[in-house]
Every structure is written in structure tokens, then in C-alpha cells.
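For reference, the structure is listed below as C-alpha cells.
Computed from a prediction, not measured in an experiment: that's the story for all the values here.
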Amino acid sequence: MSTPHIGYAAMLEQFGPLEVTEFSAQAEAAGFTGVMAADHFQPWVPAQGSAPFVWNVLTAIGARTEGDLGPGVTCPSFKMHPAIVAQASATLAAMYPGRHWLGLGAGEALNEHIVGGYWPEAAERSARMWEALEIIKKLFASGLEQRDVKHSGKYFTLESTRLWTMPQAAPEIYIATAGPINAKRTGKLADGIITPGAAPAKIETVLGKFAEGAREAGKDPETMPKILQLHLSWAESDEQAMANAMHEWPNGGMKFDKGDVRSPFHFEQMAKLVRPEDFEGRMVISADPEVHRAEVQRYLDLGFDRIYLHNVGRNQAEWIEVFGRDVLPKLHR
């Protein structure tokens with residue numbers, strides 16, 4: 001058995017840049033390994049109340065911690081051209097060698113539609129993400145090899161250029177997906193996969209397709225990171241844990257695709273329909289650390305290499321202390 005990699009999910013939808021940086025440092029001191037920071041232009045609901053720029057915050061977190069760090073996840077497509085995402089990632093990696101990874105996703109209207117224009121359906125959003133990945137890889141190679149690259153594709157154009165600031169090794173790129181088709185393509189084209197908590201059968205399907213794609217590309221899936229972001233609600237009582245979930249994270253109880261909803265105020269109206277039973281099977285809500293430990297261990301047993309935990313309440317300092325003492329030491333791989 002070995003000590004698992006359990007990181008802190010820094011939710012920038014809920015906390016300002018200085019506050020979430022402090023929580024990240026506290027988490028590392030308590031035994032958490034690494035930080036996954038949310039990239040949001042807007043919070044899910046107004047009650048969450050925050051949305052700082054993730055790259056500034058990651059820079060600050062890197063200065064206060066020693067573990068891995070990356071955005072979980074950023075969209076390299078609508079509000080930011082993939083060239084800018086590549087530049088931001090390369091710069092962060094140059095500042096903190098060997099620590100930064102780049103998490104990419106297809107995007108959601110809540111964060112991406114803000115620059116205007118037509119908001120495409122999911123298939124096109126995925127296609128844009130894969131083309132953006134191609135550009136980012138080209139630019140990482142350009143910095144390493146000191147040569148100009150260009151791109152002319154269906155969705156993006158990149159005129160001849162290179163990354164002038166680049167670490168000695170390019171950051172690993174992880175793709176966030178919960179579907180089998182993109183999971184297989186992730187295995188082929190990326191360095192690892194990020195997926196949310198789900199039923200064991202779905203997790204096994206996603207990881208199986210990821211491994212299939214990796215093997216088709218001549219890679220060993222056993223050596224590629226399989227990463228989980230896990231939302232939970234812990235408080236000193238079950239009632240407070242549920243209240244935190246209902247107020248702070250009602251989106252966790254919404255059983256539908258959220259990719260097309262554009263406003264926190266629209267989510268706020270939808271949240272009025274969320275009931276406590278809607279969280280069942282979607283998020284553990286309990287005052288008992290042992291209940292949470294068992295849930296985290298279940299995902300480790302399914303084959304995840306890294307798990308980043310998000311406690312949905314404002315009680316971050318108390319949660320970090322309790323989990324660092326009563327949960328993390330009891331987990332194993």
C-alpha cells in the first residue's frame with residue numbers, strides 16, 4: 001500500500017483570491033497534496049459570490065505551497081484563445097518547475113458566452129477543444145525547440161509565432177470529460193484524464209475507454225494520471241452539512257446538463273427547485289468523517305491516482321483540520 005495523492009480543490013466561485021490562497025496553504029500544511037483551482041468568470045449562483053482570474057490565483061498559490069497545481073479546468077476556446085492559455089500555462093510552469101499541469105475542458109455558457117457570439121452545442125464545443133489542444137501542443141513544442149509554428153483550422157488561426165518563455169519540460173495536459181467518446185480520445189491525445197464523481201459503472205466505462213485510447217496510441221494507461229474532482233459537504237452536524245449544500249452548492253443537486261445556462265441568476269431560480277433528496281447518489285453530505293473516508297477510498301479503489309476534494313461549505317478551515325487529522329491518514333492505494 002502507498003499514500004494516495006489527495007489534493008485541495010480551491011473553488012474560486014466561493015472565495016476571493018487572498019482567502020482561497022490562504023486555504024490552499026492551510027490544506028498543504030494539513031496533509032493535502034496539490035491544488036486544483038476552478039476557472040470561473042461567474043459563480044454558479046450569486047450566493048457563492050466570487051470569480052477571480054484563475055491564473056493570478058494559481059501564481060499566488062504556487063508561492064505559498066510546494067505541491068502540484070493547475071486549473072480544474074480551463075476552456076481554451078471562447079473567452080480565451082488557445083495561444084493565450086498556452087502562454088499562461090508555460091509561464092506558470094516556468095515559475096514553478098515540475099509542479100504545474102494544465103487541465104482543459106470544452107466550456108460552459110456560464111463562463112464562456114460572456115464574449116458574445118453564437119453558443120454552439122456540445123459536439124462543436126468538444127471539436128473546438130480538440131483543435132485548441134493541437135494548438136497548445138504546437139506552442140509548447142515551439143518553446144522547447146525555439147522555432148515558430150502556425151495553425152489554420154476550422155475554428156482557430158495562429159500566425160507564425162512561438163512561446164518565448166518556456167520551462168525545460170512542457171506541462172502535462174489533462175482533459176476533463178465524463179463521456180466515453182471523449183474519454184477514449186483523451187487517452188489518445190492527452191497526458192491524463194479528469195472526471196467528476198459518478199456511479200462505479202460509469203466510472204469504469206470512462207476509465208476503460210481512456211485506457212483503450214491510450215493503448216491505441218501506443219501509450220501505457222497505467223502510467224497516465226487518472227484524476228477525480230470530488231464534491232462533498234462536511235460540517236459539525238448533518239443538518240448544517242445539508243444546509244451548506246443547499247445554500248452554497250445547489251448546482252450539485254441539479255440533475256441535468258448545465259452547459260447551456262448563462263447566468264448565475266438563472267441558476268439561482270433553478271436552485272429553488274432543488275430538494276435535499278436530489279443530492280442522493282451525487283454528493284456525500286455528512287458530519288461523520290468516516291462516511292467521507294469510505295467514499296474517497298471507494299474512488300481510490302476504482303483506480304484514481306489523484307483526488308482533489310471540495311467541501312462545499314464556508315467552513316474550510318475547520319474541514320481542512322478535521323480531514324487532515326481523521327481522513328487523509330486512513331486512505332491508501
Side-chain angles (χ1 to χ4, degrees), residues 6-32 35-38 40 42-52 72 196-199 228-256 258 264-300 307-331:
I6 307 296
Y8 176 68
M11 306 311 285
L12 276 61
E13 309 99 311
Q14 293 181 279
F15 303 105
L18 298 180
E19 191 176 19
V20 81
T21 299
E22 180 62 31
F23 288 142
S24 297
Q26 290 177 16
E28 183 171 274
F32 287 80
V35 177
M36 172 185 285
H40 269 250
Q42 305 183 98
W44 293 104
V45 293
Q48 292 169 355
S50 190
L228 178 80
Q229 185 188 66
L230 188 61
H231 305 286
L232 59 94
S233 186
W234 174 88
E236 293 184 351
S237 69
D238 289 348
E239 293 76 16
Q240 187 59 53
M242 178 58 74
N244 289 349
M246 291 288 290
H247 183 260
E248 290 286 339
W249 207 255
N251 43 300
M254 297 178 186
K255 301 177 181 180
F256 54 84
K258 307 171 188 68
F265 299 101
H266 295 164
F267 274 111
E268 183 179 42
Q269 294 303 309
M270 295 174 189
K272 295 178 180 179
L273 303 175
V274 174
R275 299 292 178 262
E277 56 268 25
D278 294 327
F279 291 97
E280 292 180 10
R282 300 176 62 84
M283 190 169 80
V284 171
I285 299 173
S286 176
D288 186 352
E290 176 58 24
V291 173
H292 292 284
R293 184 211 61 79
E295 179 74 352
V296 177
Q297 186 62 55
R298 180 169 72 89
Y299 284 107
L300 289 170
I307 299 178
Y308 296 85
L309 301 180
H310 166 222
N311 181 46
V312 302
R314 298 274 164 179
N315 57 333
Q316 295 292 292
E318 297 85 355
W319 168 71
I320 288 168
E321 180 183 359
V322 168
F323 270 53
R325 182 186 66 231
D326 299 334
V327 174
L328 300 189
K330 300 177 181 178
L331 297 171

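A distance of 7.0 Å separates CZ in R282 from NZ in K255, rounded to the nearest 0.5 Å. Between S24 atom OG and E19 atom CD the span is 11.0 Å, to the nearest 0.5 Å. Distance check: L331 CG to H292 NE2 gives 12.5 Å after rounding to the nearest 0.5 Å. Here the CG atom belonging to L309 is positioned 6.0 Å from the CG atom belonging to L230, to the nearest 0.5 angstrom. Residue L300 holds its CG atom at 10.5 Å from CD of E295, rounded to the nearest 0.5 Å. The distance from the CH2 atom of W249 to the CE atom of M11 is 3.5 Å, given to the nearest 0.5 Å.
Residues passing the side-chain contact (heavy atoms from CB on, under 4.5 Å) test with E268, sequence neighbours excluded: P46, F265.
Of all the heavy atoms in A30 and I320, the pair that sits closest is CB-CG2, 3.6 Å. Between P264 and P43 the shortest heavy-atom distance is CG-O, 3.2 Å. The shortest heavy-atom contact between V20 and A10 is CG2-CB, 3.6 Å. Annotation for D238 and A287: closest pair OD1-N, 2.8 Å, computed over non-hydrogen atoms. Nearest heavy-atom pair, N251 versus K258, reported as atom, atom and distance to 0.1 Å: O-CE, 2.9 Å. Heavy atoms only, all atoms of each residue included: F279 and A245 are closest at CZ-O, 3.8 Å.
Although no hydrogens or angles enter the test, the distance criterion places no donor-acceptor pair under 3.5 Å between the side chain of S233 and the main chain of I285. Checked by atom type and distance alone, the side chain of Q14 never pairs as donor or acceptor with a backbone atom of R314 at under 3.5 Å. Under a 3.5 Å cut-off, the side chain of D278 and the backbone N or O of R275 do form a donor-acceptor pair. Between the side chain of Q48 and the backbone N or O of W44, at least one donor-acceptor pair lies under 3.5 Å. A donor-acceptor contact shorter than 3.5 Å is absent between the side chain of E318 and the backbone of A235. Side-chain atoms of Y8 do not come within 3.5 Å of backbone N or O of A37 as any donor-acceptor pair.
Between W234 and F323, the angle of the ring planes goes over 60°, which puts this pair in the perpendicular group of the 30/60° scheme. Using the six-membered ring where Trp is involved, W319 and F32 have ring planes that are tilted, between 30° and 60° apart.
Around the CD atom of E236, the shell of radius 6.0 Å holds no more than 12 heavy atoms that belong to other residues, nucleotides or ligands.
No side-chain heavy atom of V296 sits under 4.5 Å from any side-chain heavy atom of R293. Looking at Q240 and N315, their side chains never come closer than 4.5 Å, going by heavy atoms from C-beta outward.
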